[in-house]
Every structure is written in structure tokens, then in C-alpha cells.
Amino acid sequence: MNRAETQAPPPEALTVVPLRHYGLWVGTAITLAILALILKALATNPAFDWPTVGKYLFHPSILRGLGQTLVLTVTIMVLAIIIGTIVAIMRLSPSRILNAFASAYIWFFRGAPALIQLIFWFNLSLIVREFSLTLPFVGTLFTVKTNDFMTPFVAAVVALSLHEAGYMAEIVRAGINSVASGQTEAAGSLGMNHRLILRRITLPQAMRFIVPPTGNETINLLKTTSLVTIIAVNDLLYAAQSIYARTFETIPLLIVVAFWYLFVVTILSIGQHYIEQYYGRSDQQQGVSLAGMLKRAFRFGRVAQPA
Amino acid sequence: MTSKAENQARFGVPDNSMVFARGVRKSFGAVEVLKGIDLNVPTGSVACVIGPSGSGKSTFLRCINHLEEVSGGVLLVDGEFVGYDLRHGKLYEVNNRLLCQRRADIGMVFQSFNLFSHMTALENLIEAPMMVKGLSKAEAKDKAHALLERVGLSAKADAYPRQLSGGQQQRVAIARALAMNPKVLLFDEPTSALDPELVGEVLVVMRDLAESGMTMVVVTHEIGFAREVGDQLIFMDRGVVEERGEPREMIANPQSPRTREFLSHVL
């Protein structure tokens with residue numbers, strides 16, 4: 001070791017000059033300018049008409065529409081998860097027929113646009129006029145006209161849950177595939193049968209991979225349900241449309257609708273976070289509080305400090 | 001005549017045999033990985049299987065509890081086929097319920113532990129006894145605590161597999177297999193995935209098991225364990241049993257040049 005080295009000043013005496021991120025500053029400035037413009041427009045443009053927004057925000061027919069949207073979303077999602085799981089299990093079965101059927105299901109119901117499926121089911125009576133159950137020697141037990149039960153609500157539920165199930169099937173399949181094969185083998189060597197293994201070992205572990213995309217799908221579906229206005233289901237958007245068709249307060253009512261969608265999406269996102277934590281508990285991740293999540297979401301400036 | 005006695009008479013199974021194999025073959029497509037394996041493991045004894053990777057020793061072990069179906073030959077556990085019933089000279093594949101019942105009697109310990117990663121150590125131990133054997137939760141827990149104590153992990157009952165070291169995970173896995181009261185325990189390279197300093201703690205548990213009279217078939221690279229604990233040693237190479245014998249004698253004085261070469265690499 002030479003003398004110069006031993007006589008060097010102690011490291012704490014050195015000042016660190018941070019690298020100037022000029023590009024970051026310019027970008028921040030431009031963003032702030034745009035933000036200011038938007039805020040000014042929101043505040044001063046009379047077309048937004050905030051008092052009218054306030055007047056309709058809790059209007060009974062808007063709230064009824066919101067309720068209908070929520071009922072649709074929950075019903076469709078529950079059905080889609082059930083159908084999707086069944087299709088996923090068929091897809092993974094060793095039977096080629098079941099496998100091919102599941103593939104065809106996913107190909108068709110995921111591939112065809114939701115709007116077209118919606119109109120199709122609503123017009124089912126053009127293909128099938130009535131359903132009847134006829135048994136030999138007993139005769140016809142009952143007959144229902146398609147138009148009698150295929151109400152707009154039923155058409156919406158059938159169409160969108162079959163559509164959504166196509167997505168859910170792929171999500172569940174990917175989740176099941178993500179579980180290491182050793183888990184199944186270990187369970188098999190303990191004498192557990194296929195159904196028990198699926199229910200107790202595979203699916204609970206697959207949940208960690210299934211929950212995040214399912215949350216996204218639910219959020220997506222919430223908004224997709226606005227398509228049902230086309231077949232006159234009285235959902236949130238339809239309620240707003242019926243009002244502005246009379247009053248011509250189009251923009252304020254659209255703001256009301258957007259507000260409620262955003263509100264529900266926010267609630268769903270928070271709920272999803274906690275479900276993810278529940279299924280990831282064996283990972284011993286650092287517990288993330290709601291406050292911590294909000295802080296992360298709204299943090300300003302540079303999130304990661306360059307090393 | 002019970003099927004067990006019938007099998008014994010028909011295939012010449014010695015009395016007191018727990019695992020009996022004669023001419024066991026297994027092919028994956030065109031590749032024959034087992035070319036006629038013979039083996040008899042008497043109840044209460046320990047058979048160690050060694051051999052280079054790709055020799056078919058793990059495949060053979062997986063055939064014993066029917067994780068792999070054999071392509072030919074006779075493979076009996078406690079005098080019975082695991083995946084089949086012999087009736088009128090034909091092997092009928094057994095239904096799922098019966099297969100599970102028989103598998104429950106054959107414990108297996110894997111190279112990669114395969115603990116259920118979403119369950120704590122205790123939950124891993126009580127799962128199959130409750131779900132398969134129908135034990136009450138209290139009974140299963142009592143037993144699980146006793147087994148965890150036996151493998152020296154009472155303090156880790158509530159730990160998830162991810163929070164345990166490899167050696168601890170493997171000890172939990174052994175306890176999980178024991179929780180089903182198996183007639184025989186199969187070990188598939190139980191220490192190969194462990195850091196060297198963790199191998200010892202698993203071998204101690206296995207030695208303790210062997211001394212308590214558990215019938216064990218151990219595929220391993222631990223020649224020291226085979227020598228001290230094994231009652232018979234089988235050297236497999238390219239799908240056949242190249243040499244077999246009393247462990248000490250065989251390790252000290254291997255007859256086949258292949259065995260000699262292999263032992264010179266691992267000793």
C-alpha cells in the first residue's frame with residue numbers, strides 16, 4: 001500500500017453531485033402545461049356544466065341504472081368463471097373430443113365481437129321460435145316461446161357470459177398449467193384422486209395466477225356491459241341516454257356516467273389487491289397496506305432513485 | 001384364494017416380500033428405458049439403487065407406485081399389482097378409487113420435495129390423512145405434530161415451504177409421507193437437490209426410519225448411506241441391473257467393470 005493511498009481524505013468528505021436529468025425536467029414542464037390547459041378547460045368551458053352534473057349524480061334513475069349495471073356485471077362474471085373453469089378443464093383433459101370442443105368454444109366465443117353476440121341472442125327467436133320438452137309416451141311437457149323468456153336482460157346475460165367465459169377459460173387454463181407437475185405427482189402419491197387434487201392442490205395454487213387477470217376482466221366487463229344499451233337494457237349508460245334524449249344535457253350526463261364507472265373500477269381495484277394478497281400469503285411478501293398502495297399510485301417525481 | 005395369495009403362487013413371490021419385480025420393462029415411445037428389472041425387497045429391509053443418470057433408476061421407482069405404467073413384466077407391492085387386478089389371466093386396470101387406495105399405502109419422497117407450496121408444514125401433513133383417510137382434524141393434527149417432532153421440526157409447524165431450507169423441506173416431505181402410515185417408502189434421490197451441508201440432516205432422518213423397521217427403496221448417490229443403512233445394493237445401468245449384492249461387499253469389491261468405474265467416480 002503506498003503513501004498516497006493511505007493519506008487520501010476519508011470518503012465522507014466527498015460531495016456527490018447528482019446527474020442533472022434535463023430531459024426529465026422538460027418532460028415534467030410540458031406535462032404540467034398540458035395539465036393546466038385541461039384544468040382550465042374543465043373549469044371554464046360552459047359545456048361541462050358542472051351544476052347539472054351535480055344535479056344528476058344521485059338522480060334515482062341514474063342510481064337504478066348503476067344498480068342494473070352492477071347486477072349484470074356480477075351475474076355475468078360469476079357465470080363466466082363457472083363456464084370458463086369447466087371449459088378450461090375440458091381443454092386440459094386427455095380426451096381429444098373434449099379438448100377439441102373446448103378449443104372451438106374459445107375460438108368462437110372469444111373471437112366473435114361481443115356486440116354481434118349480444119344482438120344475435122336478442123334475436124334468437126328468428127332461428128328458434130319456441131322451446132318444448134317432449135317425451136315419448138308422455139307428450140309435450142311444456143312449451144315456451146323464445147320471445148317470452150329471451151328478454152333484453154336474459155339476452156345480455158347469456159351473450160356476455162358466454163363471451164366472457166372464452167377469456168376466463170384461457171385464464172384458468174394458464175393458471176392450472178402454471179402449477180408445477182410435481183405438486184400433482186406428490187398429491188397422487190399420497191392417494192389423492194384427480195378431483196381432490198384439482199380442488200385442494202392445483203386450483204388454490206393456480207388462483208395466484210388467475211386472480212390478477214380475472215380482476216382485469218371484471219373491470220373490462222363492467223364497461224363492456226354498456227353495450228347492452230343497444231338492446232334496451234336499462235343500465236347506467238341507458239339511463240343517462242334516456243335523460244339527455246329529453247334534456248339535451250349530453251356532456252354533463254356522460255360525465256355522470258363516467259364518474260360512476262370510475263368509482264366502481266376504483267373499488268374493484270382495491271378489492272382485487274386484497275384478494276391477491278390472500279392467495280399470495282404463502283409467498284411471505286411484505287404486507288402492503290392500503291395507504292402504501294395509494295401512496296405508490298400517487299407518488300410524484302422520480303419513483304426509483306438511480307443508483 | 002385371495003388375489004395376493006394367487007399372485008404369490010403364480011409369480012413365485014417369496015414370503016415376506018414387500019416390493020417384487022420380475023422382468024419389468026418400460027418404454028417411452030421407441031426408447032426402452034427399463035429392459036427387464038428383477039428385484040425383491042423383503043418387508044423391513046432397505047434397498048438402495050445407484051447408477052448413472054439416465055440408467056432408469058428413477059423411472060423404476062416411479063413404476064412402483066404407478067406414477068408410470070410399466071410396459072411389461074410383473075411389479076407387485078405387498079403381493080398386489082398397484083394399477084391392475086389379475087383376473088382370469090388378464091390384468092384389468094383398476095378404477096381410480098382403488099388405485100388411490102393402494103397408492104396411499106406407498107409413500108414417496110421426491111428429489112424436489114414437492115411440498116404443497118400454498119400450505120404450511122402442518123397443513124401439508126394433515127391434508128391427505130384428512131381428505132383420503134378421513135381422519136378428523138384433531139387426530140390428523142396430533143399425528144402431524146408427533147411426526148414433525150420426529151423429524152426435528154416441531155418449531156416449524158406453521159412455516160410455509162418457502163420459509164424453510166431445502167433440508168427442512170425434505171424432512172417435512174418425509175413426515176408427510178409417513179403421515180399416511182405407508183407400508184413402504186420410496187425415495188427418489190432425496191438429497192440430490194440439497195446443499196452439501198444439509199444432506200446430513202435428511203440422512204439422519206432416513207437412517208432413523210430404517211432402524212425403526214420401515215421398508216425403503218432408496219434411489220441415491222449417497223454411497224455412504226447405502227453402505228451403512230442398505231440391506232441390498234442395486235447398481236443399474238442403461239435399463240438393466242448390472243450388479244447387485246450386499247452393500248459393503250459390493251462397494252469394497254465390485255465384480256462388474258461398469259460398477260467399478262461408476263463407484264470410482266462417486267466415492
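Each chain gets a letter, A, B and so on, in the order the sequences are listed, and its residues count up from 1.
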Residue pair B:L99 / A:N193, side-chain heavy-atom distance below 4.5 Å: no
Would the number of heavy atoms belonging to other residues, nucleotides or ligands and lying under 6.0 Å from NZ of B:K143 be above 12? yes
Shortest non-hydrogen contact from A:G182 toward B:N114: O-ND2, 3.2 Å
Scan residues 67-88 of chain A for pairs that pass side-chain hydrogen bond (donor to acceptor under 3.5 Å, both in side chains), counting only residues two or more places apart or in two chains. none
Please name the pair of heavy atoms, one in A:G188 and one in B:R103, separated by the smallest distance, quoted to 0.1 Å. O-CD, 3.1 Å
Less than 4.5 Å apart, side chain to side chain, heavy atoms only: is that true for A:H194 and B:N96? yes
Can you confirm whether A:F101 is buried at CZ, in the sense that more than 12 heavy atoms of other residues, nucleotides or ligands lie under 6.0 Å from that atom? no
Let me know if B:M131 has heavy atoms under 4.5 Å from chain A in its side chain, its backbone, both or neither. both
Can you tell me if A:Q183 and B:S117 form a side-chain donor-acceptor pair at under 3.5 Å? no
Does B:R62 reach the side chain of A:E185, with side-chain heavy atoms less than 4.5 Å apart? yes
Between B:H118 and A:R208, is any pair of side-chain heavy atoms under 4.5 Å apart? no
Side chain, backbone, both or neither: which part of A:L196 has an atom under 4.5 Å from a heavy atom of chain B? side chain
Inspect the surroundings of CD1 in A:I97 and state if more than 12 heavy atoms from other residues, nucleotides or ligands are less than 6.0 Å away. no
Roughly how far, to the nearest 0.5 Å, is CD of A:Q205 from CE of B:M119? 8.0 Å
So which heavy atom on A:G191 is nearest to which on B:C100, and how close? O-CB, 3.1 Å
Heavy-atom proximity to chain B below 4.5 Å, by part of A:A187: both
Do you know which two heavy atoms are closest between B:R176 and A:L190, and how far apart they sit? CD-CD1, 3.7 Å
Quick check on B:I106 against chain A: is it the side chain, the backbone, both or neither that has a heavy atom closer than 4.5 Å? backbone
Nearest 0.5 Å, what's the OG1-CZ distance between A:T202 and B:F116? 9.0 Å
Below 4.5 Å from any heavy atom of chain A, which atoms of B:F110 appear? Answer side chain, backbone, both or neither. side chain
Separation between CZ (A:R200) and CD (B:E123), nearest 0.5 Å, reads 8.5 Å
Inspect the surroundings of CZ in A:F263 and state if more than 12 heavy atoms from other residues, nucleotides or ligands are less than 6.0 Å away. no
